[in-house]
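A short write-up of the structure that comes next.
No experiment lies behind these values; they were computed from the predicted model shown. Start at 1 with the first residue, then count along the sequence.
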Amino acid sequence: MAAPQILETYRSPSFSSVRRRRRKPDQKETHVQAQWMTTEIKVKLIVNGTLSVLAAFTLLKLLPYQFLQQVKLKEVLTQVQETERRVGELRQDFGRSFDPHQVKQVMQENSPLIDPNQRQIYWK
């Protein structure tokens, strides 16, 4: 087995001798940056405030519509309950209509004719 070889990287002579220093921003630059940041924050606040006010007005416009929909929903629920009650009554009468023992009575209820064996009574 061969001994591991050490690879050296090439560095230019100017790399190690030149140090780069970060220059400190002067007061004018920091003042300009601060002004831009405050302007940006102000613009964001104005835009967000405007959007919030528009959202509030939109919700206020929708409230009457929502109340109207609730009233309509209550009416529909009342109609559904009434219809369910009528359906229950009709289901009870449906079985009675096909009962052979009650056919004569059902025919009398549904027809204006009277059985010849019965007399009609008139009240004054």
task: Please identify each residue that fulfils salt bridge (charged side-chain N to carboxylate O under 4.0 Å, His left out) with Glu84, with sequence neighbours left out.
output: none
query: Which hydrophobic side chains are connected to Trp36, either touching it within the sub-4.5 Å cutoff or through other members that do?
result: Val32
task: Would you check if Leu60 and Leu63 make a side-chain contact, meaning some heavy-atom pair closer than 4.5 Å?
output: yes
task: Can you measure from OG1 (Thr30) to CE (Met37) and round to the nearest 0.5 angstrom?
output: 11.5 Å
- line: Residue set satisfying salt bridge (charged side-chain N to carboxylate O under 4.0 Å, His left out) with Lys61, at least two apart, ordered chain then number -> none
task: Quick one: list whatever passes side-chain contact (heavy atoms from CB on, under 4.5 Å) with Val47, sequence neighbours left out.
output: Val43, Leu51
- request: Mind checking side-chain contact (heavy atoms from CB on, under 4.5 Å) for Phe94 and listing every partner two or more places apart, or none if nothing turns up?
  value: Phe98
- prompt: For Val76, which fellow cluster members are found when Ile, Leu, Val, Met, Phe, Trp and Tyr are connected by side-chain heavy-atom distances below 4.5 angstrom, either directly or through intermediates?
  reply: Val80
message: Suppose the criterion is ring-ring contact (aromatic ring centres under 6.0 Å, His included): which pairs have a residue in residues 44-89, not counting sequence neighbours?
response: none
message: Applying salt bridge (charged side-chain N to carboxylate O under 4.0 Å, His left out), can you list everything that pairs with Arg86, at least two apart in sequence or on another chain?
response: none
query: Of all residues at least two apart in sequence or in a different chain, which pass the side-chain contact (heavy atoms from CB on, under 4.5 Å) check with Val71?
result: Glu75
field: Residues forming a side-chain contact (heavy atoms from CB on, under 4.5 Å) with Ile46, sequence neighbours excluded
entry: Thr50
message: Looking at Arg85, I want to see if its CZ is surrounded by more than 12 non-hydrogen atoms of other residues, nucleotides or ligands under 6.0 Å.
response: yes
- prompt: Can you name the side chain to side chain donor-acceptor pair (under 3.5 Å) partners of Gln79, sequence neighbours left out?
  reply: none
field: Co-members of the apolar cluster containing Ile41 [side chain, <4.5 Å]
entry: Leu45
